[in-house]
Amino acid sequence: MSEKIKTVLSILVILVILPYMITYALQGKHFFERSNDQINESKIVEQTEILTGILAGQIEMNAPKEAIRAQAVLVRTEYERRSKSGETLEKSLTIEEMEKLWGSEKLQTNYEIAKAAVTDTAGEILIYQGNPVFTAYHRVSAGATRAMEHLNGEETPYLASVVCSTDITSPDYLTVRFFSKKEYADALKLPEGVDPACFCAEADKAGYVKTLTYGEKVFTGDEIRTLLNLPSPCFYIKEVEGNMRVVVKGKGHGIGMSQYAAGEMAEKGKDHEEILTYFFPDTVLEHKENQNN
């Protein structure tokens, strides 16, 4: 009885394996190569969706096409850099989150614009000395971008200050905020008795505040920006009629690519490579072969 069972099982195994043996005999390694191609294609599609979701949350889809493409390259570059270093990847929006961001009536159109920017720049990564760059960007500069070394003290040649004169035409270029002296002092947690109007400020050549000093208490411009919820660390403080007036230029940290200036460059006929070369000098736009992302 056991011999019969073994015989039946052997026949079943042969019937299951036989088609694969015949296929391999006829097609050899090409059968498995096609399987690998299918796996690679699946990975490409998945990564395209991820990059599209990240791009969707970083730039407005009514921006000029070449500006969106430039941002898509920055998205891919940062994805590559973080993947290599083991850092947490940037957030990729889900379809539901995109719908909440854009509204259901604009979802399909905006999604297609974002995805097209990713696929149109397939394989493009911004490289400096053989490595993906740190892809800083912001909405609007203060008329010029800010050198990275003024933020962290580390010289980063590809994140130098560049002029963005067209940014002054942006509706987000200038913001004026008023605080009572108490509101201002409380936000900065100034010692009791310190006059908020008595300070010493130091700024870089582009106008971004490096330090703001009250006696022995020293703040960086970025700390003041956070504490007062300002749109940019490029600001000017003055006492006006007993209140503290803060005039702010730009929107964002001011480092890297100004999206508004990039849009203006695109409107004047510059393509995304020219835009990236301007904001990230000494970098190379690498085109990876056989890669769609």
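Given the structure is predicted, the values throughout are model-derived calculations rather than measurements.
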Looking only at atom types and distance, does a side-chain atom of [X] sit under 3.5 Å from a main-chain N or O of [Y], one as donor and one as acceptor?
X	Y	answer
Arg245	Val240	no
Glu97	Thr94	yes
Ser161	Thr145	yes
Asp167	Ser141	yes
Ser232	Cys234	yes
Ser92	Ile50	yes

Query raised in the report: Can you tell me how far the CG atom of Leu101 sits from the CD atom of Glu96, to the nearest 0.5 Å?
Result: 13.0 Å

Report summary line: dist Ile224:CD1 -> Thr211:OG1 (nearest 0.5 Å) comes out at 10.0 Å

Find out whether [X] and [Y] are in side-chain contact, i.e. whether some heavy atom of one side chain is under 4.5 Å from a heavy atom of the other.
X	Y	value
Met98	Leu107	yes
Lys217	Phe199	no
Met257	Gln71	yes
Glu223	Thr220	yes
Leu74	Leu276	yes
Leu228	Phe179	yes
Thr166	Lys268	yes
Ile127	Thr283	no

Requested in this report: Before giving the answer on side-chain contact (heavy atoms from CB on, under 4.5 Å), spell out for Thr77 and Val133 the whole-Å C-alpha distance, their side-chain angles and the decisive distance to 0.1 Å.
Outcome: CA-CA 7 Å; Thr77 302; Val133 304; 4.0 Å; yes

Checking [Y] against [X]: is there a side-chain donor and acceptor pair closer than 3.5 Å?
X	Y	value
Gln259	Glu60	no
Arg139	Ser258	no
Asn243	Ser180	no

Report task. Would you sort out whether Asp222 and Arg146 count as a salt bridge (charged side-chain N to carboxylate O under 4.0 Å, His left out), showing the intermediate values? Result -> CA-CA 12 Å; Asp222 295 279; Arg146 178 185 179 197; 2.5 Å; yes

Requested in this report: Hey, could you give me each pair passing ring pair (Phe, Tyr, Trp, His ring centres under 6.0 Å) that has a residue in residues 219-274? Not counting sequence neighbours.
Outcome: His138-His253

Query raised in the report: Which of parallel (below 30°), tilted (30 to 60°) and perpendicular (above 60°) describes Tyr128 and Tyr158?
Result: tilted

Requested in this report: List the steps and the verdict of side-chain contact (heavy atoms from CB on, under 4.5 Å) for His287 and Glu124.
Outcome: CA-CA 5 Å; His287 298 257; Glu124 297 183 2; 3.2 Å; yes

Check [Y] with [X], please: is the shortest side-chain N to carboxylate O separation under 4.0 Å?
X	Y	value
Arg76	Glu80	no
Asp120	Arg69	yes
Arg81	Glu78	yes
Glu99	Lys106	no

Report summary line: Which of Thr175, Val176, Asp172, Leu174 passes side chain to side chain contact (heavy atoms under 4.5 Å, CB included) with Val248? It is Thr175

Report summary line: In terms of heavy-atom contacts, Ala144 and Tyr208 come closest through O-OH, 3.0 Å

Show every donor-acceptor pair shorter than 3.5 Å between a side-chain atom in residues 189-197 and any protein atom, with sequence neighbours excluded, or say none if there are none.
residue	atom	partner	partner atom	Å
Asp195	OD1	Lys181	NZ	3.2
Asp195	OD1	Ala197	N	3.0

Is [X] atom [atom1] crowded by more than 12 heavy atoms from other residues, nucleotides or ligands, each under 6.0 Å away?
X	atom1	value
Lys100	NZ	no
Gln108	CD	no
Lys210	NZ	yes

Does [X] belong to the same Ile/Leu/Val/Met/Phe/Trp/Tyr cluster as [Y], with side-chain heavy atoms less than 4.5 Å apart forming each link?
X	Y	result
Val218	Leu212	no
Leu93	Val118	yes
Met148	Val209	no
Tyr173	Phe279	no

Requested in this report: Could you walk me through whether Glu183 and Met244 pass the side-chain contact (heavy atoms from CB on, under 4.5 Å) test, one step at a time?
Outcome: CA-CA 9 Å; Glu183 288 173 334; Met244 302 301 295; over 6 Å; no

